[in-house]
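Hydrogens, waters and symmetry mates play no part in the numbers below; they use all other heavy atoms, side chains included. Keep in mind that this is a model prediction, so the values were computed, not measured.
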Amino acid sequence: MAQEPYRAPRGTEDLLPEKVRIYRKLEEEARRILEVHGYREIRTPFFEETRLFVRSIGEVTDIVEKEMFTVSRGGESSYSFRPEGTASVVRAYLEHNFHKRRPFQKFFYIGPMFRYEKPQKGRQRQFWQIGAEALGSSDPRLDAEMILLVLDFFERLGLRGLEARINSIGDKADRDRFREVLKEWFRPKLDDLCPLCRDRYNRNVFRILDCKVETCKELRRGVPEFLDHLSPESLAHFEAVKKTLDMLEVPYRVDPSIVRGFDYYTHTVFEIPYEKLGARSALCGGGRYDDLIAELGGPSLGAVGFSIGVTPTLIALEMEGLLEEVSPGGRPDAFLVPIGPEQEDEGFRLAVNLRRAGFAVLFDHQGKGLRARLKLAARERCRAALLLGEEERKRGVVKVRDLDRGEEMDVPAGPELEARLLSLREEARAGSEEGAP
RNA sequence: GUGAGAGUAGCUCAGCUGGUUAGAGCGCCAGACUGUGGCUCUGGAGGUCGUGGGUUCGAAGCCCAUCUCUCACCCCA
């Protein structure tokens, strides 16, 4: 019986060094832009009590009903790996009494989320999100700020021409009223809807609004829009968001078909679509959730947030040919090459000392020959090869080979060698700037 | 959860309707060059053809099951 090889679990992947570099670049850009806007990083546990997600995301949502990784041990409560980030942030906000100390807080998080789903393009069981939450205020300027910030982030990565889609789903009373309006409107057409939509009619009428089946699209002609059924207060909030977006010259379009999947959303909801993505067509989704803090046991305070999908973002960057730009990678300063077995120890010592002085120095540990080591040095794009043979050692020098020019010179080990490596580093930098437009 | 396609060397793939020792390119290792990289040439290693079962004189190919990947639906980042 042949043993099955070990593999990463379905829907997960190993982020190999090359990819980690890209992730870090994304994270770096996100942290920068978020911190400039006053958001501070928060790190919550990867799992929470299951009831937290049930309460926040909603009991009858697909995520809670069938997409959570849930574990229970003995008599303890049931725990679930977080399928999204907002619930945890709000929980932490309340647990640490921010609402009593300084109710207005801006947090962001970067980390993996987990959903038990069938993997496909841009959709995995463990996936990374970059998210932000502004808690303790209902200021429509924050809704606009979120959208602006996200578009700026994508722009910085090189994704241009993106546009936000926004909509308002009002408050709970608005939704209860509109739900009835929709049901009333669809009732006579019920038999002509697709089977799925007939199910949606009872589960969540709103979702019929974004069904992609042609016959349903046809039937939807002249369907009432949420925006026409908002209370004056809700409408005023939405108008204020749009006004702010206009003022900030943020590109957006009102799209009545945007209905988010979590129960906690209220008022403003938005997405940043990227058409070429396929099954996962949004790079980012977000919205206001003015009832959630109270729902989780806190005071009645407004909040708004978004989350960016790292995987879809990477797919978009790849499609636009931007991955190389995002991740140029660094060059090691040198490859230390002892010549002859007697020099191995001394060479290793020299490599370690240079590393302690801050230089990135590679060393061969596979017993390769001189030529093979130089080959490695070239492949790793080292700036220099440091050759240490018997001759050099006797004279207390190291032969520094400039791998870009092919020139060699003997340099005394010590401060002079470090100076030489520094100057090679500078040269390379000047060279790369010359090449830039 | 539903449906479709695909799994052959480290990677990308070829392998006609089942027929003898399963191939290429790239990569890897070594040599040409015993103290010098990127180029070239030569040689080498590396495969139970995803896994298990079945049909057959004979299976990488056909059938069944299973796993994984990909894509779509559902849903969503």
Side-chain angles (χ1 to χ4, degrees), chain A residues 1-13 57-58 60-67 82-86 110-131 150 194-197 199-200 203-204 207 210-213 258-262 271-274 277-287 305-316 335 337-340 343 366-393 399-408:
Chain A
M1 194 188 277
Q3 171 160 12
E4 282 293 314
Y6 294 106
R7 306 179 201 225
R10 177 162 211 200
T12 70
E13 67 174 331
I57 296 168
V60 295
T61 54
D62 272 28
I63 291 189
V64 165
E65 280 183 339
K66 49 193 187 194
E67 292 178 4
R82 58 183 189 191
E84 57 100 45
T86 303
I110 298 176
M113 304 295 158
F114 308 84
R115 286 183 206 172
Y116 184 80
E117 290 192 280
K118 209 160 174 182
Q120 62 184 274
K121 194 176 182 66
R123 200 169 79 179
Q124 293 158 295
R125 289 182 171 183
Q126 177 178 329
F127 55 96
W128 289 65
Q129 286 190 341
I130 300 171
V150 166
C194 69
L196 212 61
C197 279
D199 184 48
R200 284 176 176 137
R203 282 174 59 91
N204 188 348
R207 298 232 72 99
D210 63 0
C211 179
K212 286 148 213 145
V213 176
I258 294 194
V259 193
R260 311 246 69 228
F262 306 154
E271 290 177 4
I272 312 292
Y274 183 77
L277 275 182
R280 262 284 327 105
S281 64
L283 298 172
C284 170
F306 68 76
S307 85
I308 294 169
V310 172
T311 315
T313 302
L314 290 181
I315 294 172
F335 201 113
V337 184
I339 301 168
Q343 317 306 328
Q366 298 178 97
K368 287 183 185 291
L370 172 60
R371 291 161 44 76
R373 290 186 194 199
L374 281 164
K375 208 174 256 187
L376 270 181
R379 191 194 312 148
E380 301 295 333
R381 299 165 57 239
C382 294
R383 281 186 255 272
L386 305 182
L387 300 150
L388 182 67
E390 201 181 344
E391 290 169 35
E392 288 81 8
R393 192 165 170 193
K399 199 175 284 291
V400 180
R401 181 175 176 87
D402 179 335
L403 288 173
D404 291 337
R405 298 161 192 256
E407 294 163 1
E408 283 182 357

J.: Looking at B:A77, does its base get a donor-acceptor pair with the side chain of A:Glu117 below 3.5 Å?
T.: yes
J.: Distance between the P atoms of B:G38 and B:C29, in whole angstroms?
T.: 12 Å
J.: With a 4.5 Å limit on heavy-atom distance, are the side chains of A:Gln124 and A:Gln126 in contact?
T.: no
J.: Distance check needed: B:C76 P versus A:Ile63 CD1, whole Å only.
T.: 7 Å
J.: Under a 4.0 Å threshold between the charged nitrogen and the carboxylate oxygen, would A:Arg123 count as salt-bridged to A:Glu117?
T.: yes
J.: A:Arg379 side chain N/O closer than 4.0 Å to the phosphate oxygens (OP1, OP2) of B:G38?
T.: no
J.: Can you find a pair of side-chain heavy atoms, one from A:Met113 and one from A:Trp128, that are under 4.5 Å apart?
T.: no
J.: Heavy atoms from C-beta onward define the side chain here; which of B:A77, B:G35, B:A32 lies closest to that of A:Gln129?
T.: B:A77
J.: Whole angstrom is fine here: how far is it from CD in A:Glu408 over to C1' in B:G35?
T.: 9 Å
J.: Assess the residue pair A:Leu387 and A:Glu408 against the criterion (side chain to side chain contact (heavy atoms under 4.5 Å, CB included)); give the C-alpha distance rounded to whole Å, side-chain angles, the decisive distance to 0.1 Å, and a yes or no.
T.: CA-CA 10 Å; A:Leu387 300 150; A:Glu408 283 182 357; 3.8 Å; yes
J.: Nearest of B:G37, B:A30, B:G1 to any side-chain atom of A:Leu403?
T.: B:G37
J.: When rounded to the nearest Å, what value does the distance between P atoms of B:A14 and B:A24 take?
T.: 16 Å
J.: Let's test this: given Watson-Crick or G-U wobble pairing with both distances under 3.5 Å, identify the partner of B:U56.
T.: none
J.: Roughly how many Å is it from CD1 in A:Ile272 to C1' in B:C76, rounded to a whole number?
T.: 16 Å
J.: The test is side chain to side chain contact (heavy atoms under 4.5 Å, CB included); show your working for A:Val337 and A:Leu370 and say whether it passes.
T.: CA-CA 7 Å; A:Val337 184; A:Leu370 172 60; 3.5 Å; yes
J.: Find which nucleotide of RNA chain B each of A:Gln366 and A:Pro119 is nearest to by heavy atoms, and output the residue with the more 5' nucleotide.
T.: A:Gln366
J.: Have a look at A:Lys118 and say if it touches a base, only the backbone sugar-phosphate, or nothing, with a 4.0 Å heavy-atom cut-off.
T.: base
J.: Taking a pair as Watson-Crick or G-U wobble with both distances under 3.5 Å, which nucleotide is matched to B:C71?
T.: B:G3
J.: What's the NZ-C1' distance between A:Lys66 and B:U2, to the nearest Å?
T.: 10 Å
J.: Quick one: does A:Arg123 reach the base of B:A77 with a side-chain donor-acceptor pair under 3.5 Å?
T.: no
J.: Walk me through whether A:Tyr116 and A:Arg125 qualify under side chain to side chain contact (heavy atoms under 4.5 Å, CB included).
T.: CA-CA 6 Å; A:Tyr116 184 80; A:Arg125 289 182 171 183; 3.6 Å; yes
J.: Scan A:Glu392 against the nucleic acid and name what it touches under 4.0 Å (heavy atoms): base, sugar-phosphate only, or nothing.
T.: base
J.: At their closest point, which heavy atom of A:Cys382 faces which heavy atom of A:Leu403, and how far apart are they?
T.: O-CD1, 3.5 Å
J.: Given the rule in the side chain to side chain contact (heavy atoms under 4.5 Å, CB included) test, do A:Ile63 and A:Phe262 qualify, once you have shown the distances and angles that lead to the verdict?
T.: CA-CA 9 Å; A:Ile63 291 189; A:Phe262 306 154; 3.1 Å; yes
J.: Quick one: look up who B:U20 pairs with, Watson-Crick or G-U, both distances under 3.5 Å, and put none if it's unpaired.
T.: none
J.: Name the closest nucleotide to the A:Leu374 side chain, picking from B:C76, B:U36, B:C29.
T.: B:U36
J.: If you check every side-chain atom of A:Pro312, which of B:C29, B:A77, B:G35 has the closest atom?
T.: B:A77
J.: State the pairing partner of B:G43; accept Watson-Crick or G-U wobble contacts with both distances under 3.5 Å, and report none otherwise.
T.: B:C29
J.: Using a heavy-atom cut-off of 4.0 Å across all strands, would you classify A:Glu84 as base, sugar-phosphate, or nothing?
T.: nothing
J.: Pick the P atom in B:U40 and in B:C26, then give their distance to the nearest Å.
T.: 9 Å
J.: Using atom P in both nucleotides, what's the gap between B:G54 and B:C49 to the nearest angstrom?
T.: 16 Å
J.: I'd like to know if A:Gln343 reaches the base of B:G35 with its side chain, counting only an N/O donor and acceptor under 3.5 Å.
T.: no
J.: Using atom C1' in both nucleotides, what's the gap between B:C11 and B:C69 to the nearest angstrom?
T.: 16 Å
J.: Hey, does A:Gly11 reach any base, or is it just sugar-phosphate, or nothing, if we go heavy atoms under 4.0 Å?
T.: sugar-phosphate
J.: A:Gly406 near the nucleic acid: base, sugar-phosphate alone, or nothing, with a heavy-atom cut-off under 4.0 Å?
T.: base
J.: Give me the distance, rounded to whole Å, that separates B:G31 from B:U48 when you measure between the P atoms they each carry.
T.: 28 Å
J.: Scan A:Gln124 against the nucleic acid and name what it touches under 4.0 Å (heavy atoms): base, sugar-phosphate only, or nothing.
T.: base
J.: Taking only the C1' atom of each, what is the distance from B:G43 to B:C57 in whole angstrom?
T.: 39 Å
J.: Which nucleotide, B:U36, B:A77, B:G35, lies nearest any side-chain atom of A:Arg401?
T.: B:U36
J.: Find which nucleotide of RNA chain B each of A:Arg207 and A:Glu391 is nearest to by heavy atoms, and output the residue with the more 5' nucleotide.
T.: A:Glu391
J.: Under 4.0 Å, heavy atoms only, any strand: does A:Leu376 hit a base, just the sugar-phosphate, or nothing?
T.: nothing
J.: Taking B:A6 as the reference, what is the distance to B:U12 when you measure between their C1' atoms (whole Å, please)?
T.: 15 Å
J.: Which listed nucleotide (B:G35, B:U36, B:C75) is nearest to the side chain of A:Glu67?
T.: B:C75
J.: Can you figure out which of B:C75, B:U36, B:U68 approaches the side chain of A:Arg10 most closely?
T.: B:U68
J.: So, does A:Arg371 get its side chain near the phosphate of B:C33, meaning an N or O under 4.0 Å from OP1 or OP2?
T.: no
J.: Expressed as a whole number of angstroms, how long is the span from A:Glu380:CD to B:G38:P?
T.: 15 Å
J.: Under 4.0 angstrom, heavy atoms only, what part of the nucleic acid is A:Phe335 near: base, sugar-phosphate, or nothing?
T.: nothing
J.: Could you give the CG-to-P distance, from A:Leu370 to B:A30, as a whole number of Å?
T.: 12 Å
J.: What is the distance, rounded to the nearest whole Å, between atom CD1 of A:Ile258 and atom P of B:C75?
T.: 15 Å
J.: Paired with B:A65: which nucleotide, if any, by Watson-Crick or G-U wobble criteria at under 3.5 Å for both distances?
T.: B:U51
J.: Which nucleotide in the set B:C71, B:G35, B:A77 lies at the smallest distance from any side-chain heavy atom of A:Gln120?
T.: B:C71
J.: For residues A:Ile130 and A:Phe306, report the shortest heavy-atom separation together with the two atoms involved.
T.: O-CE1, 3.8 Å
J.: When you check the phosphate oxygens OP1 and OP2 of B:C28, does a side-chain N or O of A:Lys375 lie under 4.0 Å from one of them?
T.: no
